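Just so you know, residue 1 is the first one in the sequence shown, and it goes up from there. Model, not experiment: these values are computed from the prediction.
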Amino acid sequence: MSQTRSARMIARLKAISARLYWCPRCNVPLLTKTCGLCKGDCIPVRVTPPGDVRPALTGDLVRLRKALEEYFLDKTSVETFLPRSKLVLMNKVQYPDAADEVIFDGQVTGHLYYEVVERKWMFKPLYGGVALIVEEKLAPYAVIDLPKITRNYEVKRDRIVEGELTWEKGRLVALQLKNGFMQGVAKVVRGRRLRVLKAWRARRFLRLHGRPTWMDVVLANKERLKKLEEEAISFIRELVREKKLPIFVSFSGGKDSLVTYKLAEKALGVKPPILFNNTGIELPRTVEYVKEFAEREGVKLIVADAGDAFWRGVKVMGPPARDYRWCCKVAKLTPIARTVKREFPEGALSLVGQRKYESSARASSPRVWRNVWIPNVLAASPIQDWTALDVWLYIMKEKLWVNPLYYMGFDRLGCWLCPSSEMGEFEVVRTCYPDLWSGWEDYLKDYAESRGYPSDWVRYGLWRWVNLPGDVKRYTEKASVDTGYQDLRPPLPEVLRKEGKVIVKGFKEVEDLEGRVKALSPIIGVDKVRVEKGAIIFEGDVSERKAIAFAVRAVYCVACGACQLKCPTGAVKVDKYPVVNEDLCNKCLMCNVACPISVFTLKVLREG
């Protein structure tokens, strides 16, 4: 990601950042300024935008306490720092990989982050956390005799006047000046020095009392939840009255779609059908959960099943990447479009659990929209303005049955090998589904070896990009990661222009190449294309772009069916590969535009 684009994204998230407050008397988080329990005013909590805080559930707390045990020199310090009775919030922050702010007693106490090089979760104390560590004298910490400290300054050992630490290289240490004016966090470097990572004006830690439960938090936010629910229900009812379309809930098995379903049920007075997109790479427990949920609720379950489309695609296209997301069209959009066309031929209204705090893209998304790939579906998000904390408190208030994976350490549910995931998220998959992950990792290793990529391509998750963005390049350089390779996704054919002909060749052995080419030939003219000695030869006014799109569709088709759905005349039918009815085809080439293989091949050629 370019620095300009990153700056725009951060600015957008700041603009919509949620407000978080804390009641110092009841010791509960709030999303309004007044506590619903004691009716008193609350103090604002400054968190990193967009401030989409969520409760730390069982898996989060296990991970956090393990990281705290790594940070502190003895386990008793962990309980002093974070008693088990405390309510903890997590807030995603930008890091080289997965990371969260850790908030309790109304104060940001540090970052829980995944260290990719060491392959483990670590804790970095910050702000209130550093103040608490120094006040309680919890090792490792150091009080230093200097007038001030700044980032990257190296503190010599003789400047430490109080503290307890080990000189293990890379260990993080909480800092405070002897004069009490500044605090910071440093790491141990060679020569028994402390390099300052961050420094700030000193603050005290306010230890709040009481043992509130999450149901206390629900009651404290009762009025806000009531207003959010009323607004969402009104939105759904108005939309249904206005559009007069059959309705379904897009149900992913995640928390947001669960709340959306409940709101729809309340708004409509009946149980709306739910549509689940089984991409073929959903976590097994999610697939089970969706089926069990439908049975419990007695609701109609519509499954948009991709089957093995992803695995057929990966054999041709290689692993997907953040800048090479062929998988979404193959495993998501096409199966959904096909299913909706079958179930709702006249169109439908889809209620989606999308929230603006999830990403900069969703922050700028309208509340009602159409997807160009599923044009007959009008999508709408009743919970567009809800935070993750709103969602979780509503789940608790309504006692909804949520996907058990959330309690196992998953925060985001969906395709378990999604390239948009962080390595820390993959670590949770590896822990909970070792066989599933080892199979994917073995594939990545074989793929890398066959193309001469270094082992770091798999080890550091570099497969998640075709073109490494600037921040990833900087990180990998700092970590001495081998990036000296040329990414070869997707497989590109050789294209020649000779004597007025376009020749596309360089394919490996293809079963029935002549049959594939003949079946597709009506889209450009049966007399303009032929196969000769393993090459596809185009004559007449066929451009190189058309020739390439045609060739990769004929050779690399994974039978996803996108072209069949997009064809306006019904000329295309897909079995093992596309077959075009010459009498029905009007040569509009909409099928070329629909094919994810041709789209991404042309994209790479254009950018290259």
Side-chain angles (χ1 to χ4, degrees), residues 46 48 64-83 86 88 93 95-96 99-118 120-208 475 478-480:
R46 189 175 178 182
T48 301
L64 173 58
R65 297 191 79 84
K66 185 176 179 180
L68 287 172
E69 288 172 5
E70 288 256 346
Y71 175 83
F72 291 111
L73 302 183
D74 63 89
K75 289 188 177 182
T76 58
S77 295
V78 176
E79 186 63 25
T80 303
F81 181 80
L82 178 58
K86 293 292 180 184
V88 180
V93 290
Y95 254 64
D100 284 289
E101 280 177 332
V102 178
I103 306 155
F104 59 88
D105 281 353
Q107 294 147 93
V108 174
T109 58
H111 288 168
L112 176 66
Y113 66 99
Y114 187 72
E115 173 49 61
V116 177
V117 175
E118 297 190 38
K120 65 180 180 181
W121 290 91
M122 300 182 71
F123 181 76
K124 178 196 289 184
L126 291 168
Y127 314 124
V130 167
L132 175 57
I133 288 169
V134 174
E135 288 167 19
E136 296 287 346
K137 302 185 186 303
L138 304 176
Y141 79 100
V143 178
I144 54 180
D145 187 11
L146 286 169
K148 66 176 183 177
I149 47 175
T150 56
R151 185 181 176 189
N152 289 327
Y153 183 84
E154 292 194 1
V155 181
K156 296 180 181 179
R157 188 178 183 184
D158 60 6
R159 288 293 187 175
I160 300 174
V161 296
E162 180 192 329
E164 185 179 350
L165 66 156
T166 58
W167 293 99
E168 178 186 346
K169 188 177 177 182
R171 177 173 282 279
L172 297 174
V173 180
L175 296 181
Q176 181 169 294
L177 295 184
K178 181 182 177 182
N179 60 24
F181 290 162
M182 295 187 74
Q183 293 167 339
V185 61
K187 71 174 179 179
V188 176
V189 295
R190 62 183 181 180
R192 293 199 166 189
R193 298 185 178 199
L194 299 176
R195 180 178 296 153
V196 179
L197 301 177
K198 191 177 181 69
W200 55 89
R201 186 175 297 176
R203 60 190 71 180
R204 294 188 61 81
F205 184 81
L206 177 63
R207 178 68 88 181
L208 301 181
Y475 175 77
K478 188 176 179 181
S480 300

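- Rounded to the nearest 0.5 angstrom, Glu168 CD and Leu172 CG are separated by 10.0 Å.
- At distances below 3.5 Å, at least one donor-acceptor pair connects side-chain atoms of Gln107 with backbone N or O atoms of Leu206.
- Atoms CG and CG, from Leu132 and Asp105 in turn, are 8.5 Å apart once rounded to the nearest 0.5 Å.
- Two residues are said to be in side-chain contact when any heavy atoms from C-beta on lie closer than 4.5 Å; Lys120 and Lys66 fail this criterion.
- Rounding to the nearest 0.5 angstrom, the gap separating the NE2 atom in His111 from the NZ atom in Lys124 is 7.0 Å.
- Contact between Ala202 and Gly180 at its shortest, heavy atoms only, is CB-O, 3.1 Å.
- Minimum interatomic distance between Ala199 and Met182 (heavy atoms only, all atoms of both residues): CB-CE, 3.9 Å.
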Chi angles and distances behind the side chain to side chain contact (heavy atoms under 4.5 Å, CB included) call for Leu177, Ile144:
CA-CA 5 Å; Leu177 295 184; Ile144 54 180; 3.8 Å; yes
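- Atom CZ of Arg159 is separated from atom CD1 of Ile149 by 13.0 Å, given to the nearest 0.5 angstrom.
- Across every non-hydrogen atom of Pro140 and Leu165, the tightest pair is CB-CB, 3.8 Å.
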Verdict with reasoning, Val185 to Leu126, per side chain to side chain contact (heavy atoms under 4.5 Å, CB included)
CA-CA 7 Å; Val185 61; Leu126 291 168; 4.0 Å; yes
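- In terms of modelled atom types and a separation under 3.5 Å, the side chain of Glu115 and the main chain of Met122 share no donor-acceptor contact.
- Tested against Phe81, the residues Phe72, Tyr141, Phe205 include a single ring-ring contact (aromatic ring centres under 6.0 Å, His included) partner, Phe72.
- Between Leu194 atom CG and Trp167 atom CH2 the span is 4.5 Å, to the nearest 0.5 Å.
- Rounded to the nearest 0.5 angstrom, Glu101 CD and Thr109 OG1 are separated by 9.0 Å.
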Worked verdict on Tyr475 versus Val117 for side chain to side chain contact (heavy atoms under 4.5 Å, CB included):
CA-CA 11 Å; Tyr475 175 77; Val117 175; 3.7 Å; yes
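- For the residue pair Ala174 and Tyr71, the shortest heavy atom distance occurs at N-OH, 3.2 Å.
- With sequence neighbours excluded, no residue satisfies salt bridge (Lys or Arg N to Asp or Glu O under 4.0 Å) with Arg192.
- Every residue two or more places apart in sequence or in another chain that forms a ring pair (Phe, Tyr, Trp, His ring centres under 6.0 Å) with Trp200 is listed here: Tyr127.
- Side chains of Glu136 and Thr80: no donor on one and acceptor on the other come within 3.5 Å.
- Applying the side chain to side chain donor-acceptor pair (under 3.5 Å) test to pairs two or more places apart or on separate chains, those with a residue in residues 147-157 are Glu154-Arg195.
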Side chain to side chain contact (heavy atoms under 4.5 Å, CB included), that's the test. Do Lys137 and Glu162 meet it? Break it down for me.
CA-CA 10 Å; Lys137 302 185 186 303; Glu162 180 192 329; 2.6 Å; yes
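- Heavy atoms only, all atoms of each residue included: Arg203 and Gln183 are closest at O-NE2, 3.1 Å.
- Salt-bridge annotation for Glu79 and Arg65: present, with a side-chain N of the basic residue lying under 4.0 Å from a carboxylate O of the acidic one.
- Listed here is the closest heavy atom pair of Leu208 and Lys86: O-NZ, 2.7 Å.
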